[in-house]
Amino acid sequence: FRLPMIANDDRASPYTWEKLLTFHKNPSLDIIHPRSQEIISSYRQFLQTLQDQNISTEQYIEQHKLGQDQEIPVLHVNEYPYLVDEGIEHYVLWFPKEIDDYSKMDEIVYSNFGEGIDTVWFSNSKRLKSVKGIDHLQVFARKSV
C-alpha cells in the first residue's frame, strides 16, 4: 500500500478554467494537481482508514461509487477535489469497464449536465492515478458564461 503522489505546496494557485482547458487539450501532461492542505489531510486520513480495514481503493470505488449497476459510467462529486477557482465544481466519472474509446467522452460528460453548464474533462496519466485499477475521468463544470 502506497499513498499516491499529492501536491503539497502551500503556494499553489487555484486552477482557472483556462488552465483546466489546457489539460483537456494535452492529456499526456504528467502533472501532480494541487489540493488544499485540508483536502490533502482528509484524503490521507481516508486512505489510511482503507489500509487499516484492508480495503483497496478499487474495492471501495466498486462498492461505494459504482454500486450494483456496473454497466454505465457513474458521476460523483470529487470528495478530494483539486484546488480550483470559485464557481468550478470537480467531479469524477467512474467507468465500470476500461475506456477504449475516448471519442464519446464529450457526449457522456455532457449528458450528465445539460444546457447552461460548461464542462471540461481529462484523464490523469497512469503514473499519477491514485486509483489505477478503475478507469475514471476528472470532470469540471461551471455555469456557462
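It should be emphasised that the depicted structure is a prediction, and the values quoted were computed from it without experimental measurement.
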Student: To the nearest 0.5 Å, what is the distance between CZ (Phe113) and CZ (Arg142)?
Tutor: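 Spacing of CZ (Phe113) from CZ (Arg142) equals 13.5 Å.
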Student: In chain order, what residues pass the ring pair (Phe, Tyr, Trp, His ring centres under 6.0 Å) check against Phe95, with sequence neighbours excluded?
Tutor: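 Checked Phe95 against ring pair (Phe, Tyr, Trp, His ring centres under 6.0 Å); zero matches.
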Student: Pick one: which of Trp121, Trp17, Tyr15 meets side-chain contact (heavy atoms from CB on, under 4.5 Å) with Phe140?
Tutor: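 The passing option is Trp17.
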Student: With sequence neighbours left out, write down each residue that passes side chain to side chain contact (heavy atoms under 4.5 Å, CB included) with Lys97, or none if nothing qualifies.
Tutor: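 Partners of Lys97 under the side chain to side chain contact (heavy atoms under 4.5 Å, CB included) test: Glu71.
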Student: Mind checking whether His24 and Phe122 have ring centres under 6.0 Å apart?
Tutor: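 No, the ring centres sit 6.0 Å or more apart.
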Student: Cut-off 3.5 Å, side chains only: do His136 and Asn124 have a donor facing an acceptor?
Tutor: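 No, no side-chain donor-acceptor contact under 3.5 Å.
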Student: If you group Ile, Leu, Val, Met, Phe, Trp and Tyr by side-chain heavy-atom gaps below 4.5 Å, do Ile61 and Val92 land in one group?
Tutor: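 Same cluster.
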Student: Among all residues two or more places apart in sequence or in another chain, which pass the side chain to side chain contact (heavy atoms under 4.5 Å, CB included) test with Thr16?
Tutor: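 Thr16 satisfies side chain to side chain contact (heavy atoms under 4.5 Å, CB included) with Glu18, Lys19, Asp85 only.
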Student: Check whether the side chains of Glu115 and Tyr110 place a donor and an acceptor atom closer than 3.5 Å, and report yes or no.
Tutor: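 A pair is found: one side chain offers a donor N or O, the other an acceptor, under 3.5 Å apart.
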Student: Identify whether Val120 and Tyr91 are in the same connected component of the hydrophobic contact network (ILVMFWY, side-chain heavy atoms under 4.5 Å).
Tutor: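 Not linked; separate clusters.
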Student: Taking Ser41 for its side chain and Glu38 for its backbone only, find out whether a donor-acceptor pair lies under 3.5 Å.
Tutor: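 Not at all, since once roles are kept as given, no pair shorter than 3.5 Å links the two residues.
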Student: For the CD atom of Gln53 and the CD atom of Gln59, what is their distance to the nearest 0.5 Å?
Tutor: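 Separation between the atoms: 11.0 Å.
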Student: Are Tyr80 and Ser130 close enough, and set up right, to give a side-chain hydrogen bond (donor to acceptor under 3.5 Å, both in side chains), and what steps lead you there?
Tutor: CA-CA 11 Å; Tyr80 308 102; Ser130 57; over 6 Å; no
Student: How about Asp52: does its CG atom have over 12 heavy atoms from other parts shown lying under 6.0 Å from it?
Tutor: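 Yes, enclosed.
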Student: Does any donor atom in the side chain of Asp135 or Trp94 lie under 3.5 Å from an acceptor atom in the other side chain?
Tutor: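 Checked: Asp135/Trp94 side chains show no N/O donor-acceptor pair below 3.5 Å.
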